[in-house]
Amino acid sequence: MGALQDEPLFSPALRQPRSLREAWELKSACAEQAVYVSGGTLLRTQWEAGTAAVPQVLIDLRNIAGMEDVTRDDDYLTIGSLVTLTACRRSGALASAGPAAAEAARQIAAPAVRNLATLGGNIASGYGDILPALLVHDAELAVYDGNLLRVQPVEAWLERRWSGAIPPAELVAGVRLPLDQGSGGSRLAVFRKVGRREAFTASLVTIAVTADWDAAARTLRRVRLAAGGGSGRPQRLAAAEALLEGAELSRSLLGAVYEAVEHGFASYDDPFAGEQYKKKTAGNLIVSELWQTLELKARS
Ligand SMILES: Cc1cc2nc3c(=O)[nH]c(=O)nc-3n(C[C@H](O)[C@H](O)[C@H](O)COP(=O)(O)OP(=O)(O)OC[C@H]3O[C@@H](n4cnc5c(N)ncnc54)[C@H](O)[C@@H]3O)c2cc1C
């Protein structure tokens, strides 16, 4: 029995480059007719939803050597773009160097998706749930521009990504996280996600926090706050960070932090939640996480 369809099915041509240079040349030659694919999990949802057309050419990045590696030196943990979210979730090295990022990987999609989905694909989307966590860990991206691998802070890359300044052929090759962040009891690292149901859900709001806690002085230092969610822009919350940096923690301070997050977080309305709801949710998540964590630490 034949299927009913308006248009004949076609299969995109598949190209499997073995180097970043070869991938970049293919993409540059084919322009918008070709699309990079890593796990293909986000692309598939876009094709199914009709928000992106199936391209003429798929440039499968999975044969490029070195992009599946996780390495560590004295200063950085480096994770290749092709490392899957399942591997991120299981990585002891990431749990130690970037606990908020490991927690974000834990909360993305479901196992079957995470087995295919890659760190690079999550980042390259420009709004993947891991990005707020990478922001608070001061992570940097290694990007390939056809000549060189350049390293830049995630925040700078997001600025380029959201202003349309990234050339279409540029590749995300990997992520590196500084190792000087400390992992003892005095270091906070939090990632929280709110979706439309408890688990296996797309995010409406995500928040991430890192800071050093000085219990004696009841102060936070090296404070990083970030928020994102859905297909919104992941962003640092600079005004709220400035309020917390070095100040003695109190209820009134947390009230001011809530207001700074609500005011500073730029989000958007979608069919399930309005921008105002997302702003309030981000403020509540950040303040409740700070309060709970610090109360527990103060007692221990
Ligand atoms: C059921 C389901 C649930 C999901 N839930 C979540 C969720 O909770 N949170 C979340 O963040 N995402 C979610 N996703 C989206 C997606 O699975 C993830 O974002 C995933 O990490 C994307 O990785 P990928 O390797 O599959 O990317 P792909 O689909 O292969 O690519 C995504 C985009 O990045 C580009 N790209 C891929 N790799 C590179 C690279 N190295 N350099 C430059 N560009 C590149 C592609 O051209 C494409 O535009 C979900 C998807 C599904 C199907």
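Start at 1 and go down the list; that is how both ligands and their atoms are numbered. Worth knowing before you read on, the calculation uses all heavy atoms, side chains too, and leaves out hydrogens, waters and symmetry mates. On a predicted model such as this, the values are computed, not experimentally measured, just so you know.
- Among the atoms of Thr41, some N or O lies under 3.5 angstrom from an N or O of ligand 1.
- The shortest contact between atom 50 (C) of ligand 1 and any protein heavy atom is with Ala109 CB, 4.2 Å.
- Geometrically, ligand 1 and Ser38 share a nitrogen or oxygen pair separated by less than 3.5 Å.
- Scored by the salt bridge (Lys or Arg N to Asp or Glu O under 4.0 Å) test, Arg90 finds no partners at all (sequence neighbours excluded).
- By heavy-atom distance, the residue among Pro55, Ala202, Ala124 lying nearest atom 44 (N) of ligand 1 is Ala124.
- Of the candidates Val35, Leu43, Ile123, Val172, the one placing a heavy atom closest to atom 41 (N) of ligand 1 is Val172.
- Numbered from 1 in the order shown, with element, the atoms of ligand 1 that lie under 4.0 Å from a heavy atom of Leu85 read 21 (O).
- Remark: ligand 1 and Met67 share no N or O pair separated by less than 3.5 Å (distance only, no angle test).
- Among Leu42, Asp129, Ile130, Val113, the residue whose heavy atom lies nearest to atom 9 (N) of ligand 1 is Asp129.
- In this structure, atom 19 (O) of ligand 1 lies nearest to the protein heavy atom Asn122 ND2, 3.1 Å.
- Those atoms of ligand 1 with a heavy atom of Gly39 less than 4.0 angstrom away are 24 (P), 25 (O), 26 (O), 30 (O).
- Ligand 1 places these atoms under 4.0 Å from at least one heavy atom of Gly128: 11 (O).
- Nearest non-hydrogen protein atom to atom 7 (C) of ligand 1 is Ile108 CG2, 3.5 Å.
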